[in-house]
Amino acid sequence: MSWKPEIDELRKREELAHEMGGEENLNKHYSRGKMDVRERIRQLFDNDTFREKGAVAGKAVYENDELKKFSPTNFLLGTGKIDGRKAVTGADDFTVRGGAADGAIIEKQIYSEQMAHDLQLPLVRLVDGTGGGGSVKFLDTEGHTYIPVNPAWDYVVKNMGRVPVVAACLGSVAGLGAARVTASHFSVMVEEISQLFVAGPQIVNFGVGQDLTKEELGGAQVHRSSGAIDNVVKTEKEAFDHIRKFLSYLPSNVWELPPVIESTDDRNRKEEELISVIPKNRRKPYKIRPILELILDNDSIFEMGRYYGGGTVTGFARIDGHPVGFLANDPYVGGGGLTVESCEKIERFVDLCETFHLPIVNFVDQPGIAIGLAAEKKGTIRKGVRAISSIYQANVPMIEIIIRRAFGVGGAGMINGQGLHMRYAWPSGDWGSLPVEGGIQVAYKRELEASDNPKKLLEELAAKMESVRSPLRTAEAFGVEEIIDPRDTRIRLCEWIEDSYAILPQHIGPSPHTMRP
């Protein structure tokens with residue numbers, strides 16, 4: 001007796017499943033410049049490592065107990081390896097019912113979330129559809145409506161504090177599909193083929209009277225700076241490159257440490273440019289990203305959310321092969337000050353580093369929390385306090401490199417002021433409750449108003465304060481622990497990262513405050 005007939009039947013169904021939505025739907029899909037779901041999975045995982053679960057799940061039509069027609073579900077799941085490390089994926093197939101729930105078996109999506117949770121493996125969602133309740137026709141066939149439920153959302157929330165969750169927006173993604181993209185630690189969308197919205201153009205036109213195309217409503221030009229998506233790329237292949245790079249800095253779960261690699265960069269490297277990279281004219285901006293490249297390991301920087309809260313730069317890098325998160329201010333964008341957007345960006349990024357035990361390097365040129373009527377109307381101070389609170393609540397090692405300004409509440413909150421100050425300052429450092437230039441006008445208002453020559457008096461007061469504001473005076477009073485030659489910054493960071501990773505095992509496990517998207 002042999003079970004070969006049953007195996008042959010299994011293989012037949014697997015072949016039918018690999019046809020996905022059929023030739024016509026696939027060709028329409030390809031005409032939009034998109035990969036099919038199985039090609040995406042091949043691009044994501046190392047060669048021949050994907051192991052599918054539920055491959056033959058779908059809707060079958062029988063005649064006299066013989067299979068006559070088979071339509072696979074529009075959701076694929078399984079495990080594979082990304083750069084040698086195992087991960088879970090859940091991927092929509094848009095060629096079957098546009099990725100909507102009425103072309104799926106919802107238990108597969110739930111299973112993917114549960115698999116990542118219980119096996120403690122990173123989860124990559126490849127989202128290309130609504131993933132919600134399907135069309136209104138579905139209600140007609142069922143004969144009743146229902147109270148909406150977000151499937152597996154308990155696992156979605158728990159996974160944010162347990163394993164790295166990555167989502168790629170790879171088509172027109174609406175409703176629950178959009179929520180699945182944004183309920184992640186890192187999200188990426190592709191120009192031209194990806195759009196993301198709560199509801200699509202037809203519903204928006206009906207509901208609020210806005211007649212917009214998919215691109216106008218939720219394309220890359222909308223979400224590049226909206227904060228809903230972290231990174232925008234030009235091709236699907238580039239999206240998978242971003243996913244792999246993001247995961248390379250993180251442990252597979254919160255019970256592991258970030259993966260350290262052997263560095264090919266000289267830990268004693270000194271870059272001569274750093275001695276003159278900060279202009280002596282305090283009003284003159286400079287480019288921060290080249291400075292980061294001069295200090296951090298060569299070719300190790302991965303920036304996240306460049307165009308949202310652009311005054312703050314966030315991302316991952318390595319120091320002597322050790323993964324770190326970094327914060328930095330970009331003086332070209334609002335002077336680098338704390339806006340509502342940059343505060344939200346800091347809070348989320350610090351929580352991400354805290355969740356997965358990445359030490360944080362904060363390159364500070366912080367003029368403070370944004371001021372003015374527009375900032376007050378947005379409640380910027382509350383957002384600023386939340387960002388600062390995330391820094392104070394973080395238990396991972398953190399170091400502050402003050403490269404220029406540190407003013408006011410915002411400047412004070414860039415490191416835990418009541419903790420052990422692990423910080424260095426460059427000789428270009430400039431700090432205080434508020435900048436001297438504006439502070440003189442306030443502190444000496446009466447004297448200036450009473451003076452016969454207020455301009456001359458202002459110049460005299462500014463000259464007097466200039467010597468007092470020297471960072472060397474602060475160091476004399478131990479107001480700053482150490483002022484260093486900027487060229488020595490990398491050396492000091494390499495020493496610090498050794499100490500940091502020596503104590504990191506104390507921090508493994510879930511964070512006391514679970515990260516939210």
Side-chain angles (χ1 to χ4, degrees), residues 224-225 227 271-296 301 303-315 317 325-346 349 360-372 374-375 378 380 383-384 387-388 399-415 423-441 462 465-466 469-471 474 480 483-487 489-490 493:
R224 194 182 302 275
S225 59
E271 299 289 355
E272 195 62 30
E273 295 173 58
L274 290 171
I275 194 68
S276 56
V277 73
I278 305 299
K280 289 212 166 184
N281 180 350
R282 295 187 181 93
R283 301 181 68 85
K284 187 175 179 180
Y286 56 87
K287 294 182 177 179
I288 184 60
R289 289 174 180 84
I291 294 176
L292 301 177
E293 292 172 359
L294 292 171
I295 295 170
L296 302 168
I301 294 174
E303 187 174 347
M304 292 174 57
R306 178 167 185 164
Y307 299 102
Y308 179 72
T312 299
V313 182
T314 60
F326 67 82
L327 301 168
N329 304 111
D330 185 353
Y332 271 96
V333 182
L338 293 175
T339 62
V340 164
E341 294 79 9
S342 62
C343 289
E344 289 180 345
K345 186 175 181 179
I346 289 171
F349 187 75
I360 299 171
V361 185
N362 197 345
F363 296 91
V364 175
D365 182 0
Q366 181 52 256
I369 297 173
I371 61 174
K378 288 185 175 182
T380 308
K383 297 292 186 179
I388 292 167
I399 190 168
E400 183 180 38
I401 308 295
I402 303 177
I403 60 179
R404 191 154 69 173
R405 297 164 297 175
F407 286 109
V409 174
M414 292 300 98
I415 198 168
R423 67 182 175 191
Y424 297 105
W426 288 4
S428 47
D430 188 27
W431 40 64
S433 295
L434 70 167
V436 169
E437 291 81 1
I440 292 174
Q441 300 274 6
M465 295 297 176
E466 188 62 32
R469 76 192 296 180
S470 166
T474 309
V480 62
I483 298 173
I484 63 170
D485 184 329
R487 294 168 294 187
T489 305
R490 175 172 171 78
L493 287 178

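Please read all numbers here as calculations on a predicted model, not as lab measurements. What's counted below: heavy atoms across the whole structure, side chains too, no hydrogens, waters or symmetry copies.
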Undergrad: Where is the tightest heavy-atom contact between Pro486 and Ile275, given as atom of each residue plus distance?
TA: CD-CD1, 4.2 Å
Undergrad: Once side-chain hydrogen bond (donor to acceptor under 3.5 Å, both in side chains) is applied, do any residues pair with Tyr332, and if so which ones, sequence neighbours excluded?
TA: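 Testing Tyr332 for side-chain hydrogen bond (donor to acceptor under 3.5 Å, both in side chains), a comparison that skips the adjacent residues, returns none.
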Undergrad: Using every non-hydrogen atom in the two residues, find where Gly410 and Met414 come nearest and quote the distance to one decimal.
TA: O-CE, 3.3 Å
Undergrad: Counting only N and O atoms by type, is there a donor-acceptor contact under 3.5 Å from the side chain of Ser428 to the main-chain atoms of Ile403?
TA: yes
Undergrad: Using every non-hydrogen atom in the two residues, find where Arg423 and Ile402 come nearest and quote the distance to one decimal.
TA: CD-CD1, 4.5 Å
Undergrad: Any chance you could measure Glu303, atom CD, to Arg289, atom CZ, to the nearest 0.5 Å?
TA: 4.0 Å
Undergrad: Below 4.5 Å, heavy atoms only, C-beta onward: do Thr380 and Leu338 meet side chain to side chain?
TA: no
Undergrad: Going from CG on Leu294 to CD on Glu271, what distance comes out if it is rounded to the nearest 0.5 angstrom?
TA: 5.0 Å
Undergrad: Got a donor-acceptor contact below 3.5 angstrom from the Asn329 side chain to the Pro331 backbone?
TA: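 No, Asn329 side chain to Pro331 backbone: no donor-acceptor pair under 3.5 Å.
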Undergrad: One pair to check against side chain to side chain contact (heavy atoms under 4.5 Å, CB included): Ile295 and Val361. What are the steps and the verdict?
TA: CA-CA 11 Å; Ile295 295 170; Val361 185; over 6 Å; no
Undergrad: For Ile369 versus Gly384, what's the shortest heavy-atom pair and its separation?
TA: CD1-CA, 4.3 Å
Undergrad: Please round to the nearest 0.5 Å and tell me the distance separating atom CZ of Phe326 and atom CD1 of Ile401.
TA: 14.0 Å
Undergrad: Set out, in order, the CA-CA distance, both residues' side-chain angles and the distance that settles side chain to side chain contact (heavy atoms under 4.5 Å, CB included) for Leu274 and Ile291, then state yes or no.
TA: CA-CA 7 Å; Leu274 290 171; Ile291 294 176; 4.2 Å; yes
Undergrad: Report the residues that fulfil salt bridge (Lys or Arg N to Asp or Glu O under 4.0 Å) with Arg404, sequence neighbours left out, ordered by chain and then residue number.
TA: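 With neighbours one apart ignored, the set is Asp365.
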Undergrad: Can you tell me if Arg487 uses its side chain to pair, donor with acceptor, with the backbone of Glu272 under 3.5 Å?
TA: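 A pair under 3.5 Å: no.
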Undergrad: List in chain and number order the residues that pass side-chain contact (heavy atoms from CB on, under 4.5 Å) with Val333, two or more places apart in sequence or in another chain; answer none if no residue qualifies.
TA: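 So Val333 forms a side-chain contact (heavy atoms from CB on, under 4.5 Å) with Asp330.
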Undergrad: Return the set of residues passing ring pair (Phe, Tyr, Trp, His ring centres under 6.0 Å) with Phe349 (not counting sequence neighbours), or none when no residue passes.
TA: Phe316
Undergrad: Quick check: closest heavy atoms across Val480 and Ala425, and the distance to 0.1 Å?
TA: CG2-CB, 3.8 Å
Undergrad: At their closest point, which heavy atom of Pro367 faces which heavy atom of Phe407, and how far apart are they?
TA: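 For Pro367 versus Phe407, the nearest heavy atoms are O-CB, 3.6 Å.
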Undergrad: Please answer whether the main-chain N or O of Thr312 pairs with a side-chain N or O of Lys345 as donor and acceptor at a distance below 3.5 Å.
TA: yes
Undergrad: Among all residues two or more places apart in sequence or in another chain, which pass the side-chain contact (heavy atoms from CB on, under 4.5 Å) test with Lys280?
TA: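 For Lys280 there are no side-chain contact (heavy atoms from CB on, under 4.5 Å) partners, ignoring immediate neighbours.
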Undergrad: Please enumerate all residues that pass side-chain hydrogen bond (donor to acceptor under 3.5 Å, both in side chains) together with Glu293, with sequence neighbours excluded.
TA: none
Undergrad: Under the side chain to side chain contact (heavy atoms under 4.5 Å, CB included) rule, what do Val277 and Trp426 come out as? Steps first, then yes or no, please.
TA: CA-CA 11 Å; Val277 73; Trp426 288 4; 4.1 Å; yes
Undergrad: What distance separates Asn362 CG from Thr314 OG1, expressed to the nearest 0.5 Å?
TA: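 That separation rounds to 11.0 Å.
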